[in-house]
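Values below: all heavy atoms of this structure, side chains included; hydrogens, waters and symmetry mates excluded.
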Amino acid sequence: MMRVWILPMLLVLCGSAVATGMVLKGTPATAAALLLAFLALAGVNSPLIFPRSIDAGEAQRRSAVDGRPIVYWRPGCTYCIRLRLRLGRTAGRLHWVNIWRDPAGAAEVRAANDGNETVPTVVVEGRPHTNPDPAWVREKLSGRPR
């Protein structure tokens with residue numbers, strides 16, 4: 001679990017170092033802007049943005065029981081971040097699989113995308129959809145039990 005925090009921590013440390021250097025050079029406004037940019041990147045790449053990931057087998061079992069979609073994603077993917085942010089609080093109602101942590105999940109994505117690991121790949125009722133519109137995914141969630 002600690003590995004998921006490495007990139008965000010490195011971004012915060014690098015941003016702090018760069019900002020400190022800029023302050024010492026006498027450009028505090030630039031330092032503040034750069035620090036904010038690094039903090040935003042750290043936040044976007046932190047595990048706090050995405051709901052807890054499960055493995056592909058568990059996601060498939062749960063989806064078979066509750067009918068909720070499965071989202072195959074990976075950290076740093078801007079399209080995954082877009083989907084997550086636009087889903088808002090409803091994102092927690094989906095089953096999230098990090099393909100970088102789950103080889104079976106990566107294999108599922110490759111099988112759905114002609115051998116490519118294109119994410120987000122959302123599986124709804126057993127059918128994969130690559131980079132679907134967030135509004136469409138939210139619509140698929142409507143009527144599903146919370």
message: According to ring pair (Phe, Tyr, Trp, His ring centres under 6.0 Å), does anything in residues 101-138 pair up with another residue at least two apart or in another chain? List the pairs.
response: H129-W136
- prompt: Do you know which two heavy atoms are closest between H95 and A59, and how far apart they sit?
  reply: CB-CB, 4.0 Å
message: If you compare all heavy atoms of P69 against all heavy atoms of V122, which two are closest, and at what distance to 0.1 Å?
response: CB-CG1, 3.9 Å
query: Roughly how far, to the nearest 0.5 Å, is the CG atom of L83 from the SG atom of C77?
result: 9.0 Å
task: Output every pair passing side chain to side chain donor-acceptor pair (under 3.5 Å) with a member in residues 104-116, not counting sequence neighbours, ordered by first then second residue.
output: Q60-E108, R110-E117, N113-T121, N113-T130
- prompt: Are V97 and V124 connected in a single hydrophobic cluster, I mean Ile/Leu/Val/Met/Phe/Trp/Tyr linked by side-chain heavy atoms less than 4.5 Å apart?
  reply: no
message: Going by ring-ring contact (aromatic ring centres under 6.0 Å, His included), name the residues that satisfy it together with W100, two or more places apart in sequence or in a different chain.
response: none
field: Residues which pass salt bridge (charged side-chain N to carboxylate O under 4.0 Å, His left out) with R82, listed by chain and number, not counting sequence neighbours
entry: none
message: If hydrophobic clusters are built by linking Ile, Leu, Val, Met, Phe, Trp and Tyr wherever their side-chain heavy atoms come under 4.5 Å apart, do I54 and L94 end up in the same one?
response: no
- prompt: What pairs with A64 under side chain to side chain contact (heavy atoms under 4.5 Å, CB included), at least two apart in sequence or on another chain?
  reply: none
Could you pull out every donor-acceptor pair under 3.5 Å between side chains of residues 22-41 and any protein atom, sequence neighbours left out?
{"from": "T27", "atom 1": "OG1", "to": "M22", "atom 2": "O", "distance (Å)": "3.1"}

field: Partners passing side chain to side chain contact (heavy atoms under 4.5 Å, CB included) against L85 (at least two apart in sequence or in another chain)
entry: I49, I81
